[in-house]
A.B. asks: 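Dropping the structure in here first, questions after.
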Amino acid sequence: MDDGITKIIINSQAAVHEKNEKLKVFLEYMNGKVSDNDEFIQKLEQRIKEVKANEELRREYMLVNTIERDARNDGWKAGIVQGRAEGKSLGLAEGSYQKALETARILKQLGDSVQKIVQVTGLTVLEVEKLNS
């Protein structure tokens, strides 16, 4: 989706293995541990308080969440429709193939030539020759 939004996925549980101290403090913050002596975390906490206190920013945040949720739902719906269409197409193709095999068996039992059966059914010579009468 070309919506101008960049998403970054962060494994905050990796904090215990992180060697970079600043990144480690940030990952721990994401896990709920607030560091009182980290300047960045303090600025982040302050900004969150400002956003929570500002009704307009809160509405904007909620709008973005709503748009994102709607887009995700639209994507799921489109995926379901596409999956059904592909399934239907595959089912029709398989059914058509089975019908061709059935017709070929009958024609073979009636004594028609392999070449004629190939012409009528669209099967290959090998497929027709493999059929048991």
Side-chain angles (χ1 to χ4, degrees):
M1 183 183 329
D2 190 22
D3 58 6
I5 295 174
T6 302
K7 293 185 180 185
I8 300 172
I9 298 171
I10 299 173
N11 178 5
S12 63
Q13 299 300 315
V16 295
H17 305 292
E18 183 55 50
K19 291 178 179 37
N20 180 307
E21 194 56 38
K22 292 242 180 234
L23 181 55
K24 182 176 186 169
V25 169
F26 177 69
L27 294 173
E28 288 173 344
Y29 174 76
M30 292 179 64
N31 290 329
K33 182 180 174 190
V34 179
S35 174
D36 293 331
N37 57 359
D38 185 83
E39 184 181 341
F40 175 73
I41 298 300
Q42 293 309 308
K43 285 180 183 178
L44 189 57
E45 278 287 299
Q46 181 59 38
R47 184 65 180 141
I48 290 170
K49 287 177 187 173
E50 290 169 7
V51 169
K52 285 182 177 181
N54 184 318
E55 188 62 34
E56 185 179 336
L57 288 176
R58 286 177 54 196
R59 272 194 302 254
E60 185 177 320
Y61 176 79
M62 293 305 292
L63 178 62
V64 168
N65 278 343
T66 301
I67 291 169
E68 184 178 292
R69 184 184 63 242
D70 289 349
R72 188 172 34 252
N73 286 340
D74 289 347
W76 285 333
K77 288 176 187 174
I80 289 169
V81 168
Q82 181 181 351
R84 285 182 178 160
E86 289 176 11
K88 184 176 182 180
S89 178
L90 288 172
L92 289 172
E94 181 61 27
S96 179
Y97 179 70
Q98 291 302 320
K99 185 64 177 170
L101 290 174
E102 181 183 330
T103 301
R105 278 190 199 92
I106 292 169
L107 292 173
K108 198 169 181 184
Q109 287 172 351
L110 293 173
D112 285 341
S113 71
V114 170
Q115 194 57 40
K116 181 178 178 183
I117 297 170
V118 166
Q119 275 184 310
V120 170
T121 63
L123 296 173
T124 66
V125 171
L126 186 59
E127 289 171 314
V128 173
E129 288 175 346
K130 283 183 177 180
L131 294 174
N132 295 328
S133 296

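All values below were derived from every heavy atom in this structure, side-chain atoms included, with hydrogens, water molecules and symmetry-related copies excluded. Computed from a predicted structure; not experimentally measured.
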A.B. asks: Show me the side-chain donor-acceptor pairs of residues 35-44 shorter than 3.5 Å, one per line, residues at least two apart or across chains.
C.D. replies:
from: S35; atom 1: OG; to: N37; atom 2: OD1; distance (Å): 2.7
from: D38; atom 1: OD2; to: F40; atom 2: N; distance (Å): 3.2
from: D38; atom 1: OD2; to: I41; atom 2: N; distance (Å): 2.9
from: E39; atom 1: OE2; to: K43; atom 2: NZ; distance (Å): 3.3
from: Q42; atom 1: NE2; to: S35; atom 2: O; distance (Å): 2.6

A.B. asks: Without placing hydrogens or testing angles, list every side-chain donor-acceptor pair under 3.5 Å for residues 12-22, not counting sequence neighbours.
C.D. replies:
from: S12; atom 1: OG; to: N31; atom 2: OD1; distance (Å): 2.6
from: Q13; atom 1: NE2; to: N31; atom 2: OD1; distance (Å): 3.1
from: E18; atom 1: OE2; to: N20; atom 2: N; distance (Å): 3.0
from: N20; atom 1: OD1; to: K22; atom 2: N; distance (Å): 3.0
from: N20; atom 1: OD1; to: L23; atom 2: N; distance (Å): 3.0

A.B. asks: Could you pull out all donor-acceptor pairs under 3.5 Å where a side-chain atom in residues 85-92 meets a protein atom, sequence neighbours excluded?
C.D. replies:
from: E86; atom 1: OE2; to: Q82; atom 2: NE2; distance (Å): 2.9

A.B. asks: About how many Å separate CG of N54 and NZ of K49, when rounded to the nearest 0.5 Å?
C.D. replies: 16.0 Å
A.B. asks: Examine L110 and V118 and state if one hydrophobic cluster contains both, with Ile, Leu, Val, Met, Phe, Trp and Tyr joined whenever side-chain heavy atoms are less than 4.5 Å apart.
C.D. replies: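 Cluster IDs for L110 and V118 differ.
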A.B. asks: Report the residues that fulfil side-chain contact (heavy atoms from CB on, under 4.5 Å) with R84, sequence neighbours left out, ordered by chain and then residue number.
C.D. replies: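 By the side-chain contact (heavy atoms from CB on, under 4.5 Å) rule, R84 matches I80.
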A.B. asks: Look at the side-chain heavy atoms of Ile, Leu, Val, Met, Phe, Trp and Tyr, link any pair under 4.5 Å apart, and say whether I10 and V34 land in one connected group.
C.D. replies: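 Cluster IDs for I10 and V34 match.
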A.B. asks: Decide whether I117 and Y97 are clustered together by the hydrophobic rule: side chain heavy atoms of Ile, Leu, Val, Met, Phe, Trp, Tyr closer than 4.5 Å, transitively.
C.D. replies: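 They do share one cluster, since a chain of ILVMFWY contacts under 4.5 Å joins I117 to Y97.
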A.B. asks: Check side chain to side chain donor-acceptor pair (under 3.5 Å) between R58 and all other residues, then give those that pass, not counting sequence neighbours.
C.D. replies: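 Counting only residues at least two positions away or on another chain, R58 forms no side chain to side chain donor-acceptor pair (under 3.5 Å).
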A.B. asks: Kindly state each residue pair satisfying side chain to side chain donor-acceptor pair (under 3.5 Å) with at least one member in residues 110-125, sequence neighbours excluded.
C.D. replies: T124-E127
A.B. asks: What distance separates L123 CG from T103 OG1, expressed to the nearest 0.5 Å?
C.D. replies: 8.5 Å
A.B. asks: Holding to salt bridge (charged side-chain N to carboxylate O under 4.0 Å, His left out), I want the full list of residues that pass it with K52, two or more places apart in sequence or in another chain.
C.D. replies: none
A.B. asks: Quick check: does any side chain N or O of K108 sit under 3.5 Å from a backbone N or O of V114, one acting as donor and the other as acceptor?
C.D. replies: no
A.B. asks: State plainly whether one hydrophobic cluster holds both Y61 and I8, where clusters connect Ile, Leu, Val, Met, Phe, Trp and Tyr through side-chain heavy atoms under 4.5 angstrom apart.
C.D. replies: no
A.B. asks: Using side-chain heavy atoms (C-beta onward) and a distance below 4.5 Å, is Q98 in contact with E102?
C.D. replies: no
A.B. asks: Apart from L57 itself, what residues make up its hydrophobic cluster, given side-chain heavy atom links below 4.5 Å?
C.D. replies: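 So far as hydrophobic clustering goes, L57 is joined with V51.
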A.B. asks: What residues form a salt bridge (charged side-chain N to carboxylate O under 4.0 Å, His left out) with K7, not counting sequence neighbours?
C.D. replies: E68
A.B. asks: Output the rest of the hydrophobic cluster of L63: all Ile, Leu, Val, Met, Phe, Trp and Tyr residues reachable through side-chain heavy-atom contacts under 4.5 Å, sorted by chain and number.
C.D. replies: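 When side chains under 4.5 Å apart are linked, the cluster holding L63 also contains I67.
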A.B. asks: Apply side-chain contact (heavy atoms from CB on, under 4.5 Å) to K33 and list each qualifying residue two or more places apart in sequence or on a separate chain.
C.D. replies: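 K33 satisfies side-chain contact (heavy atoms from CB on, under 4.5 Å) with E28 once adjacent residues are dropped.
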A.B. asks: E94: what forms a salt bridge (charged side-chain N to carboxylate O under 4.0 Å, His left out) with it, not counting sequence neighbours?
C.D. replies: none
